[in-house]
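The block underneath contains the structure these notes are about, expressed in structure tokens.
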2 protein chains.
Amino acid sequence: MTLAERSIELFLRRLLLRSNLSMEEQEAIRAVKGTEVTIPFRRDFVVPGRTVEHVSLVAEGVAARFDLMRDGRRAIAELFVPGDVCDLSSLVAPRAGWGLTALNGVHLVQIPHANLRTLMKTHPEIEAAFWRDSAADAGVLAKLVGNMGRRDAKARVAHLFCEMGVRMEATGIGTREHYALNITQEQLGDVMGLTSVHVNRTLSALRDEDAVSFHSHVVRVLDWERLTSIAEFDEAFLLLDQPENARLT
Amino acid sequence: MTLAERSIELFLRRLLLRSNLSMEEQEAIRAVKGTEVTIPFRRDFVVPGRTVEHVSLVAEGVAARFDLMRDGRRAIAELFVPGDVCDLSSLVAPRAGWGLTALNGVHLVQIPHANLRTLMKTHPEIEAAFWRDSAADAGVLAKLVGNMGRRDAKARVAHLFCEMGVRMEATGIGTREHYALNITQEQLGDVMGLTSVHVNRTLSALRDEDAVSFHSHVVRVLDWERLTSIAEFDEAFLLLDQPENARLT
DNA sequence: CGATCATTTGATTTATGTCAACTTTTGTGG
DNA sequence: CCACAAAAGTTGACATAAATCAAATGATCG
């Protein structure tokens with residue numbers, strides 16, 4: 001199994017948590033072709049304003065949707081790990097209103113829009129599944145807005161670790177209590193609107209109260225109960241586990 | 001023209017800024033039927049976890065996507081003004097992962113999912129337009145994440161006023177320099193992660209430097225240049241003015 | 001026309017940012 | 001595989017934006 005095949009399989013697996021796709025539809029997705037690309041550390045691979053012709057599926061590493069401030073600081077709105085497609089919605093809005101960057105060495109599978117569009121035309125249910133996936137992404141964003149606006153640093157960091165844990169587990173690349181998250185504390189800060197210094201202190205605090213540890217890019221949850229309580233985490237916003245979503249047809 | 005017809009017209013107008021719909025498709029949307037409903041001040045009309053059977057189009061007033069904290073505080077992730085559909089994506093993900101509430105007396109047109117689904121089935125381009133609209137919403141959320149994480153109160157408030165101005169103008173219910181925004185300073189704070197007290201001070205500051213004023217629920221931009229500069233506002237993220245979006249067919 | 005809700009203003013506290021030095025880890029070329 | 005440079009993480013002292021508390025004024029609505 002090639003890297004591309006493996007990551008499409010991850011992506012499909014996650015689609016199936018939210019969408020009820022027939023065997024034939026699943027096969028159609030598995031058959032999609034894309035090209036593998038390596039993006040070096042810190043390279044932006046989608047630039048705001050540019051029109052993209054393909055969708056970027058993360059095969060390895062961590063990518064991010066970011067925003068650049070006048071003074072050069074970055075804000076990260078969304079993290080993408082293996083199995084995530086960074087910009088499914090570019091299928092309908094190809095002119096990017098956002099930027100995508102590699103938080104470390106990232107392997108992408110770039111899938112031409114044309115390939116997916118034929119897929120959507122012949123299988124309307126796949127289009128719905130894609131849209132549903134974008135909707136879940138939007139849910140994550142909305143949750144982040146709430147967290148940043150109304151919760152302190154500890155809760156925010158805790159929430160991110162919960163969220164990523166559940167996502168990792170759902171995609172099958174870790175468990176919610178133990179997974180790799182290959183980003184720096186500074187990048188963590190960019191996600192949560194904190195300085196790297198404060199992230200560091202917050203991590204110590206979370207470690208000291210035996211909630212979670214983050215060392216050498218590995219998240220280890222020490223007490224899931226406690227962590228979710230600090231984070232006020234409720235995974236409903238991820239819209240997972242709802243293959244009950246009726247087929248539209 | 002009834003209220004429902006008028007608001008569908010607003011909605012359609014906005015769709016057309018992003019999507020290239022044929023006359024026939026436009027007529028099909030105009031013909032959609034929904035029922036008018038009045039939601040009193042502060043009533044939640046969509047509750048997380050509940051399954052919705054219809055989409056909510058705002059006809060009058062302001063609605064919001066919100067998140068509730070353990071201590072009772074609210075965070076608002078998104079504002080919806082006349083012509084906005086609050087939950088288009090519920091068409092594909094009917095179990096709500098979010099809440100919707102009325103920030104004042106709100107008139108909604110509730111359009112049954114069934115109606116829109118037949119529409120999407122017969123007119124695939126309409127489905128794309130809907131998805132595109134959700135994608136734009138997600139862009140707004142992502143931008144808000146960036147603002148809250150990396151900008152101070154003044155820039156955040158300024159940015160919201162810019163964003164809403166452009167949206168109002170695009171929908172045709174005001175100009176970017178003068179429009180009604182019928183919400184309290186406390187609700188403004190809920191959007192931007194600030195206390196009502198601090199919102200108040202920030203508004204004074206923006207007023208004092210002749211950027212913008214907000215009185216009796218009317219936003220009056222005194223100096224658009226200055227305001228956008230304070231906000232670092234660039235409307236690209238709204239994905240407006242791109243009817244060049246190819247038809248998928 | 002009183003009561004509730006929203007806005008305004010001041011005094012004080014707190015969470016987080018900033019600056020700076022130091023240590024540890026990582027990655028790379030010899 | 002080592003040595004060393006660069007990047008990341010850690011810690012402390014201090015600064016500041018925004019929160020909190022509190023009280024007064026102004027608006028709105030039965």
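Residue numbers start from 1 in every chain, and the chains themselves are labelled A, B, ... in the order their sequence lines are given, proteins ahead of strands. These values consider heavy atoms only, across backbone and side chains, with no hydrogens, waters or symmetry-generated copies.
- The distance from atom CZ of A:R167 to atom CZ of A:R176, rounded to the nearest 0.5 Å, is 13.5 Å.
- Among the atoms of the strands shown, only primed sugar atoms or phosphate atoms (P, OP1, OP2) are found under 4.0 Å from some heavy atom of A:F41.
- Remark: B:R14 pairs with B:D84, B:D133 by the salt bridge (charged side-chain N to carboxylate O under 4.0 Å, His left out) rule, at least two apart or across chains.
- Listed by chain and number, the residues in a side-chain contact (heavy atoms from CB on, under 4.5 Å) with B:T184 are B:E186, B:Q187 (sequence neighbours excluded).
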message: Across nucleotides 11-25 of chain D, 5' to 3', mark each nucleotide with B, S or - according to how protein heavy atoms within less than 4.0 Å reach it.
response: BBB----BSBB----
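- Between A:L203 atom CG and D:dT10 atom C1' the separation is 11 Å, expressed in whole Å.
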Show each protein N/O and nucleotides 28-30 of chain D N/O combination with a separation under 3.5 Å, one pair to a line.
none

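- Under 4.0 angstrom from either OP1 or OP2 of D:dT10 there lies at least one side-chain N or O belonging to A:Q185.
- Distance A:E186 CD to D:dT10 P: 13 Å, rounded to the nearest Å.
- In summary, of the residues considered (A:L206, A:L227, A:D210), a side-chain contact (heavy atoms from CB on, under 4.5 Å) with A:L222 occurs for A:D210 alone.
- Rotation axes derived from the C1' atoms of the five outermost pairs at either end of the helix from C:dC1-D:dG30 to C:dG30-D:dC1 lie 60° apart, to the nearest 10°.
- Of all non-hydrogen atoms in B:A75 and A:G146, the two that sit nearest each other are CB-CA, 3.6 Å.
- Mapping heavy-atom proximity under 4.0 Å, the span of DNA chain C touched by chain B runs 5' to 3' from C:dA6 to C:dA11.
- The side-chain contact (heavy atoms from CB on, under 4.5 Å) search around A:A64 returns A:I76, A:L79, A:T101, A:L103, not counting sequence neighbours.
- Counting heavy atoms of neighbouring residues, nucleotides and ligands inside a 6.0 Å radius, atom CD of A:E209 exceeds 12 of them.
- With sequence neighbours left out, the salt bridge (charged side-chain N to carboxylate O under 4.0 Å, His left out) criterion links B:D67 to A:K143.
- Scored by the ring pair (Phe, Tyr, Trp, His ring centres under 6.0 Å) test, A:Y179 finds no partners at all (sequence neighbours excluded).
- Looking at B:R73 and B:D71, a side-chain N of the basic residue comes within less than 4.0 Å of a carboxylate O on the acidic one, giving a salt bridge.
- The salt bridge (charged side-chain N to carboxylate O under 4.0 Å, His left out) search around B:E232 returns A:R70, B:R151, not counting sequence neighbours.
- Residues that satisfy the salt bridge (charged side-chain N to carboxylate O under 4.0 Å, His left out) test with B:E78, not counting sequence neighbours, are B:R65.
- Within the structure, salt bridge (charged side-chain N to carboxylate O under 4.0 Å, His left out) contacts touching residues 41-51 of chain B (residues at least two apart or in different chains) are B:D44-B:R74.
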